[in-house]
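Both counts, for ligands and for their atoms, begin at 1 and track the order of listing. Residues take their numbers from the sequence shown, with the count starting at 1. What you are looking at is a predicted structure, and each value in this text was computed from that prediction instead of being measured.
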Amino acid sequence: MKQFKTESKKLLDLMANSIYTNRDIFLRELVSNASDAIDKLSFKSLTDASAKLGDEDLEVLLAFDEDSRTITISDNGIGMTKEELEENLGTIAHSGSEEFKEANAQAQGSEVDIIGQFGVGFYSSFMVAKQVRVVSRAFGSEDTYVWESDGAEGYTITKAEEPRATHGTDVVLYLRDEPEAPADGEEAEQGFNKYLSEWGLRDLITRYSNYVRHPIRMMVTKSRELPKPEDAPEDYKPEYEDYEELETLNSMTPIWRKRKQDVEQDDYDEFYKSTFHDWDAPARTIPFHVEGTLDFYSLLFVPGRAPFDLYSKDYEKGLALYSSNVLIMEKCADLLPDYYNFVRGVVDSPDVSLNISRETLQQSRQLRAMARSIERQITRNLQDMRDNDREAYEKFFENFGRGLKFGIYNSYGSKSDPLADLLLFWSAKEEKMVTFAEYVAAMPEGQEAIYYVAGDSRERLAKMPIVRTVLDKGYDVLLCTQDVDEFTFQAMRTYHAAAIAGDSENAGKDARDLELKNVTSGDLDLASEEEKEAAEKATSEHESLFSALGDKLDGKVEKVVAAANPTDAPARITTEGPVSLEMERVLAQGPEGMGAPHSRRVLELNAGHPVFQKLVDAQESGDDDKLALYASLLYDQALLVEGLSVDDPVAFAQNVCALM
Ligand code: ADP
Ligand code: MG
């Protein structure tokens, strides 16, 4: 017996036990090697006049035998000589494929697309096998050699007595014993027996090797109905018989490598539904191919509806990553930014090594460059949908808009470009969804900010007195009903409006930054100079009344003032500083609960309202109880108008009764 070369023994142990946490992939590795061997042979026959192939089908054959507990992977590819068996399988991390590629690619200038690059794939067979036998006959040779190893100490190479019928290789795996089911009723470790079944192997092939370009065939048992006998009785029941048939398990044509114009949308839809287990067709299909320093094919989909767990912790984003048609990772998360986590699809690049772990992938510059390119494609497609298929885009936005907003919020606004222009909000004026750009384009002369209001229902927000006051000025208000909206706006601070062309009212305006303003904030600054002066005058005139009211409200408000932007209501609550009433409500539901930051509230009174006179009268008559009652009632009803609940509903009800 020959000992494995170099530090192979330790490495082998490491390899078989830790490189791949998922031992299912052994079959992918062996099938890829077989496919490589076929590629090498076809390549040779194309470029070497002496290597003429007959008309045999080049294929990979799969077989299993329950009695001897073996799986055999055979190919009629290039095969290996005795020396090559020694070189390629006796030395870990020596990849014959890599050498072949280097030697040929330069010489021929033509594409050799070989999966193996790293030289460890073969050893993954020891994850499932206690003994491996490789029987190989090199193309053009009469002799067959057998390489055999238990994957621990070393290997033997002997000449086979019976030569193999044709060139090519059989890899025979003697599966490990099935682990015993634990006696304590715990679930048994997933064993090896599933590899000894038709469904088990079929499953692995369709999962990992479906797009290998050579046929992978297996003899399968099928059932068919026997012809009905002539003299069949009335109550004849059909009879069946089993028969064997060689079936091709893989589909071979990777749809993402086809040119867009050669594929029907129906085919894309079918691929999407079967691959990603969705009943609905995708809302958008994005096939693209990048060539140059980066080289990859990609087929992306925007789902037609959000998966139920999209916003839960369990949702895993990611794209399926293939290297030359072989799946190497089912969900490569690094290929998608979080805000596009809903995108599904496939990326296939010959540049990504098969034998790559999650850690090395993360650091791969190539992968990052691919991710950037993918992100750009998605953005471009969403923009196109927004501009050319608005109905579909609005549906998309309903499904996934929340994630885009989180993208801005989580990046502290640094992702506002391009995400802000993908957002839609309900316009109170237009009564439809609009983009920021559309809002700005419709702004009248003199409007210098984007106005919004946030709360739980569009209907209620539309009825708020301050919203109607702003609308009366001719300014539109965005009615925002998602929790994340205001947090997104705070992260953005401003919206960068592009210069406006065309012949709208705003045409000719330069690019500028517009502040995003909550209409319930105290510094709304919509009042004219006269209105402001009047409010200041009223505030100083009634200073003692306001401070008395402030005392009665006992810390609930920062101050009481006369409103500069009066509505038709007698009083309203505005806020100072970064936390609005709506944010306070949202934060209170969060993990910090009542300990979350509070808004700084201001009670604004409408000095022109008849109720105001009642307050003045109450104070002048020195009726302290009445003043306290009024203060409390005005505060509570202002809260109700803002869509908040009153602090003490019982006291509120008693106050109303007292008044009556
Ligand atoms: P890699 O495929 O990354 O090169 P592997 O460990 O999978 O590394 O295989 C090692 C080498 O063994 C291959 O590069 C190839 O030269 C050789 N080899 C493996 N399987 C076959 C096969 N079925 N036919 C011919 N050569 C093979
Ligand atoms: Mg390999």
Item to check | Whether Phe396 and Tyr393 hold their rings parallel, tilted or perpendicular, with breakpoints at 30° and 60° | outcome: tilted
Task: Check: Phe26 ring centroid to Tyr195 ring centroid under 6.0 Å - done: yes
Could you check Asp203 against Arg207 for salt bridge (charged side-chain N to carboxylate O under 4.0 Å, His left out), going step by step and ending with a plain yes or no?
-> CA-CA 6 Å; Asp203 174 53; Arg207 191 133 45 100; 2.9 Å; yes
One finds that the ligand 1 atoms under 4.0 Å from a non-hydrogen atom of Lys40 are 15 (C), 16 (O)
Exercise. Would you say Glu84 contacts ligand 1, with heavy atoms under 4.0 Å as the rule?
Worked result: no
Checking only N/O/S atoms, does Ser32 have one that is under 2.8 Å from the Mg ion (ligand 2)?
no
Min over Asn33, Asp75, Ile38 of heavy-atom distance to atom 2 (O) of ligand 1 lands on Asn33
Is the gap between the ring centers of Trp147 and Phe122 under 6.0 Å? yes
- Would you call the rings of Phe400 and Phe342 parallel, tilted or perpendicular if under 30° counts as parallel and over 60° as perpendicular? parallel
For Met80, the atoms of ligand 1 under 4.0 Å from one of its heavy atoms are 17 (C), 18 (N), 21 (C), 25 (C), 26 (N), 27 (C)
(message) If the contact criterion is a heavy-atom separation under 4.0 Å, does Glu29 count as touching ligand 1?
(response) no
Q) Does Arg344 make a cation-pi contact with Tyr272, if we ask for NZ or CZ under 6.0 Å from the ring centre and within 45° of the axis? A) no
message = Please check if the number of heavy atoms outside Tyr243 that lie under 6.0 Å from its OH is greater than 12.
response = yes
Quick note on ligand 1: atoms under 4.0 Å from a heavy atom of Leu89 include exactly 12 (O)
| query | Is Phe122 in polar range of ligand 1, meaning some N or O pair under 3.5 Å apart? | reply | yes
- prompt: Purely on distance, is any nitrogen or oxygen of Tyr123 under 3.5 Å from one on ligand 1?
  reply: no
